[in-house]
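Only heavy atoms go into these numbers, but all of them, side chains included; no hydrogens, no water, no symmetry mates. One-based numbering, in listed order, for ligands and for the atoms of each. Starting from 1, each residue takes its place in the sequence as its number. From a predicted model like this one, the values you see are computed outputs, not experimental measurements.
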Amino acid sequence: MIRLGVNVDHVATVRQARREPFPDPVAAAAVCEMNGADGITIHLREDRRHINDRDVRLMSETVKTHLNLEMATWDEIVDIACEVKPYQCTLVPERREEVTTEGGLDVAGSADKVQAVAGRLRDSGIFVSLFIDPVPEQIEASAKVGAQAVELHTGIYCNARGTAREQALADLILGSQIAAKNGLAVIAGHGLDYHNIGPVAAIPELEEVNIGFAIIARAIFTGIGPAVREMRELLDKFEKKV
Ligand code: PXP
């Protein structure tokens, strides 16, 4: 069964719009879990624009499934991760001016830094995943620096249409095969929604997806429970067992 990780950053985005204590992403995470989420993902950004340190600390205690902390390789954030010890950390590139994560981590071009951070996290008992573009060079570099998983960036696939989308899907399929051959668990994420999830869920090597915006956006109209359950149903419908 493909694990569904729900990213609750955007519950915190709404909270921060008014600097109120609600809606609380900690409560949202619990509701996601009650409705079938296999994991909760949060991104602690340098500017704390949505998730903050309190959220990370509380969720490390309250999340009963797997807490996946997305983070850049900055020392301050790595220190927090090593102290809080979430089940999993996903290293992502981060630029202050971006609206959301753009492009995967350049593991091949910054192997020493990524290896050092991955090593610190692993020494703290944390499962390490790297968010990368589905490019063979980046996947092989991820295995070399000691990652246990790669999260393949699905953004190009999600934004493309027609033959460009078919090519992007082919890149994800090949990337998943290369990752699995290199002993890496295969995760996918970014831009996935109720309409484009099917072909990705059908990738045989896929073990997990991380989905945020589409689920939280739908939850405004349906509530979190139905939004999570509908995505769970789609994953089950399209999954192809190896
Ligand atoms: N995976 C990673 C590494 C991300 O940075 C994000 C966005 O925070 C997601 C998954 C979720 O993307 P989306 O919100 O588009 O579903």
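- For ligand 1 and F213, the ligand atoms under 4.0 Å from any heavy atom of the residue are 13 (P), 14 (O), 16 (O).
- Within the listing of ligand 1, atoms 8 (O) sit less than 4.0 angstrom from a heavy atom of N7.
- Between E151 and ligand 1, at least one N/O pair is under 3.5 Å apart.
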Determine, step by step, whether R120 and D75 satisfy the salt bridge (Lys or Arg N to Asp or Glu O under 4.0 Å) criterion, reporting the C-alpha distance in whole Å, the side-chain angles of both residues, the deciding distance to 0.1 Å, and the verdict. CA-CA 11 Å; R120 270 194 73 193; D75 290 344; 5.1 Å; no

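- Among the atoms of G189, none of the N or O lies under 3.5 angstrom from an N or O of ligand 1.
- For residues 161-182, no pair satisfies salt bridge (Lys or Arg N to Asp or Glu O under 4.0 Å), with sequence neighbours left out.
- Taking every heavy atom of I211 and a limit of under 4.0 angstrom, the matching atoms of ligand 1 come to 16 (O).
- For the ligand labelled ligand 1, residue A214 lies outside the 4.0 Å heavy-atom shell.
- By the 4.0 Å N-to-carboxylate-O rule, K113 lies too far from D106 to be salt-bridged with it.
- With atom 15 (O) of ligand 1 as the reference point, the heavy atom nearest to it among C158, A188, G191 is part of G191.
- Judged by distance alone, the side chains of E94 and H43 do bring a donor and an acceptor atom under 3.5 Å apart.
- In this structure, R48 does not pair ionically with D55, as no charged nitrogen and carboxylate oxygen lie closer than 4.0 Å.
- Using a 4.0 Å cut-off between heavy atoms, F131 contacts ligand 1 through its side chain alone, with no backbone atom that close.
- Electrostatic pairing of R49 and D9 does not count as a salt bridge here, judged by no charged N lying under 4.0 Å from a carboxylate O.
- Residues N7 and T41 have side chains that never bring a donor and an acceptor to within less than 3.5 angstrom of each other.
- Across the listed options E70, R45, H190, H10, E70 owns the non-hydrogen atom lying nearest to atom 2 (C) of ligand 1.
- Here is the list of ligand 1 atoms found below 4.0 Å of a heavy atom in V92: 3 (C).
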